[in-house]
Amino acid sequence: MTLVVLAVALVGSACSSTDGEPGAQGLDDSFYPNMGNGGYDVLHYEIDLDIDPAANTIQALATVTSRATQDLSAFNLDLSGLTVAEVQVNGSDAEFSRSGTELVIEPASSLASDTEFSTSVSYSGSPEPVVDPGVPFGLGWHHSEDTIYTVSEPSGSMSWFPSNNHPTDKATFEIRITVPATSTAASNGVLVEEISANGYTTTTWRMDDPMASYLAAVYVGDFERIETRQPGSPLIRDYVPRNSPAEIVEALSITPQAISYFEDLLGPYPFDAYGTIVLPLELGFALENQTLSVHGRYTIDPMIIAHEIIHQWLGNSSTLDDWSETWLHEGFATYLSIMYMSEHHEWDLNEQTDEWHEYLTADGSIPPMEIENSEMFDVSVYLRGALTLHALRGLVGETVFSDILRTHYEQSANSNTNTAEFLAVVTQLAGAAAAELVESWLYDDPMPPL
Ligand code: ARG
Ligand code: ZN
């Protein structure tokens with residue numbers, strides 16, 4: 001009897017030592033320590049969404065292909081709200097539980113480090129926006145005036161699909177959306193299939209380049225698709241509310257010219273398609289979803305259109321690795337958009353930068369690298385971030401400045417980056433004094449003079 005118990009205990013402990021450990025429940029982001037999960041790397045998401053736009057409910061299946069980065073006894077996905085019916089890992093039922101926005105999954109047998117595995121989650125319900133300390137409004141899934149739309153930066157994607165919800169874990173995506181045939185659906189990447197049957201339409205969208213979860217997006221409503229194909233330009237497909245005034249379509253027509261301006265500055269457009277979706281409601285901001293930026297009804301303005309286009313390179317392809325460094329997206333997009341405006345829309349770049357400097361001097365500015373979570377989209381991040389680049393350009397001159405931009409982008413394209421890496425590029429191409437200047441703009445109080 002004692003021997004049998006001992007034998008069982010030995011087998012038990014032998015198993016647990018080779019069975020691995022649970023993956024971490026977060027990735028230690030400075031602002032969002034619990035966002036993302038440890039122990040695996042997602043390669044691909046396949047998300048099937050059956051949407052009832054009138055009821056604002058979904059019936060969904062997400063299949064997540066990952067590679068284990070440690071021996072895993074359990075791991076988490078991030079999911080907020082909704083009801084999970086079933087989880088399978090490699091086709092076998094897995095135990096699961098919910099704790100806040102963590103979906104904790106315990107596969108029937110553990111997963112060896114470096115092996116690929118597939119996790120499928122069946123879930124349903126009415127998605128609710130996520131409360132995020134970084135922005136003063138709910139993020140993720142919204143339903144308004146017969147339109148379903150998502151705006152997810154930074155945390156909102158977990159309101160509609162389970163993910164490793166941190167920008168350092170990019171993956172390819174296939175999103176399949178079924179809606180009543182009277183509605184139009186749109187999502188990221190290329191529309192590869194459209195099937196209509198029995199009063200429903202299913203569209204399949206493929207994003208074959210790595211994408212951060214916060215840039216995934218879904219729209220359902222009464223939209224008109226407008227395609228523009230121009231030699232040397234990616235496929236452009238815009239979505240506007242049906243019967244929109246001509247000015248909206250006209251405003252979007254700068255897209256190919258703006259893309260080609262930024263290709264000259266940074267390198268080839270990073271993705272297979274681009275476009276803007278204009279919502280039939282006011283948003284108060286725009287957002288650079290990968291290949292499908294979203295604008296509210298009244299923000300169709302060339303500078304903002306250009307700003308979201310720049311983010312496709314700087315933000316979406318080259319992506320911050322910690323949410324405390326939003327200036328790497330917003331400062332760059334703000335500065336490059338006024339470069340474009342001064343080249344193509346008769347803006348005076350120096351007048352604009354002087355005006356911003358005066359405004360920030362009068363109103364007080366936060367050094368962009370000293371922000372708190374609630375300040376990640378503060379006006380200082382945009383304007384002082386842009387002035388940082390303007391000051392650098394003034395010091396190093398045109399040629400070295402464009403080398404710096406291009407090298408910074410090339411080194412981090414399709415990947416992640418941070419301020420330290422940008423400073424290393426500045427030091428390498430322009431010397432230590434130039435890097436010190438950038439640092440004083442990013443870290444010092446008071447703000448340096450222009
Ligand atoms: N990245 C957006 C922009 O282009 C930020 C908009 C702020 N809202 C948000 N949900 N993150 O400026
Ligand atoms: Zn932006």
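Note that ligands are numbered from 1 as they come in the structure, with each ligand's atoms numbered from 1 the same way. Quantities reported herein were computed from a predicted structural model and do not represent experimental measurements.
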Student: Which N, O or S atoms belonging to the protein are less than 2.8 Å from the Zn ion (ligand 2)?
Tutor: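 Only His307 NE2, His311 NE2, Glu330 OE1 fall inside 2.8 Å of the Zn ion (ligand 2).
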
Student: What orientation do Phe161 and Phe173 show, parallel under 30°, tilted 30 to 60°, or perpendicular over 60°?
Tutor: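 Perpendicular, since the angle between the ring planes exceeds 60°.
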
Student: With no hydrogens and no angle check, just 3.5 Å: does a side-chain donor-acceptor pair link Arg297 and Ser244?
Tutor: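 The answer is no; no qualifying pair exists.
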
Student: For Asn37, run the side-chain contact (heavy atoms from CB on, under 4.5 Å) check against Asp169, Val42, Asp78 and tell me which one passes.
Tutor: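 One option only clears the test, and that one is Asp78.
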
Student: Is the contact between Ala286 and ligand 1 made by the side chain, the backbone, both, or neither, using heavy atoms and a 4.0 Å cut-off?
Tutor: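 Ala286 to ligand 1: backbone contact only, side chain stays beyond 4.0 Å.
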
Student: Please verify whether a non-hydrogen atom of Val151 lies at under 4.0 Å from ligand 1.
Tutor: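 No heavy atom of Val151 comes that close to ligand 1.
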
Student: Provide the number and element of each atom of ligand 1 under 4.0 Å from a heavy atom of His307.
Tutor: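 Atoms satisfying the 4.0 Å criterion: 3 (C), 4 (O), 12 (O).
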
Student: At less than 4.0 angstrom from any non-hydrogen atom of Glu288, what atoms of ligand 1 do you find?
Tutor: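 In order of number, 1 (N), 2 (C), 3 (C), 4 (O).
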
Student: Hey, can you tell me if Phe332 and Trp327 have their rings parallel, tilted or perpendicular (30° and 60° cut-offs)?
Tutor: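 Tilted, since the angle between the ring planes falls between 30° and 60°.
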
Student: Distance under 4.0 Å to a non-hydrogen atom of Leu139: what atoms of ligand 1 satisfy this?
Tutor: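 Near Leu139, meaning under 4.0 Å from one of its heavy atoms, ligand 1 has 10 (N).
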
Student: I'd like to know whether Tyr219 forms a side chain to side chain donor-acceptor pair (under 3.5 Å) with Asn289, so could you lay out the CA-CA distance, the side-chain angles of the two residues, the decisive distance to 0.1 Å, and finally the verdict.
Tutor: CA-CA 11 Å; Tyr219 300 93; Asn289 305 311; 2.7 Å; yes

Student: Do Tyr32 and Asn373 get their side chains close enough for a donor-acceptor pair, meaning under 3.5 Å?
Tutor: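 There is such a pair between these side chains.
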
Student: Which of the atoms in ligand 1, numbered in the order shown and given with their element, are less than 4.0 Å from a heavy-atom of Phe137?
Tutor: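 Listed by number with element, the hits are 8 (N), 10 (N).
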
Student: How far does CD1 of Ile175 sit from CH2 of Trp160, to the nearest 0.5 angstrom?
Tutor: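 Answer rounded to 0.5 Å: 4.0 Å.
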
Student: For atom 9 (C) of ligand 1, what is the nearest protein heavy atom, given as residue, atom name and distance?
Tutor: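 Answer for atom 9 (C) of ligand 1: Glu153 O, 3.5 Å.
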
Student: Quick check on side-chain contact (heavy atoms from CB on, under 4.5 Å): which of His307, His345, Met303 does Ile338 satisfy it with?
Tutor: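 For Ile338, the side-chain contact (heavy atoms from CB on, under 4.5 Å) check succeeds only for Met303.
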
Student: Can you tell which part of Glu308 has a heavy atom less than 4.0 Å from ligand 1: side chain, backbone, both or neither?
Tutor: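 It is the side chain that gets close, since no backbone atom is under 4.0 Å.
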
Student: Have a look at His142 and tell me which of Leu283, Thr150, Val151, Leu279 forms a side-chain contact (heavy atoms from CB on, under 4.5 Å) with it.
Tutor: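 Among the candidates, only Val151 passes.
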
Student: Mark up the atoms of ligand 1 that fall under 4.0 Å of a heavy atom belonging to Tyr382, in ascending order.
Tutor: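 Contacts of ligand 1 toward Tyr382, numbered from 1: 2 (C), 3 (C), 5 (C), 6 (C), 12 (O).
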
Student: Just wondering, do Pro127 and Leu82 contact through their side chains at under 4.5 Å, heavy atoms?
Tutor: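 Side-chain contact under 4.5 Å: yes.
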
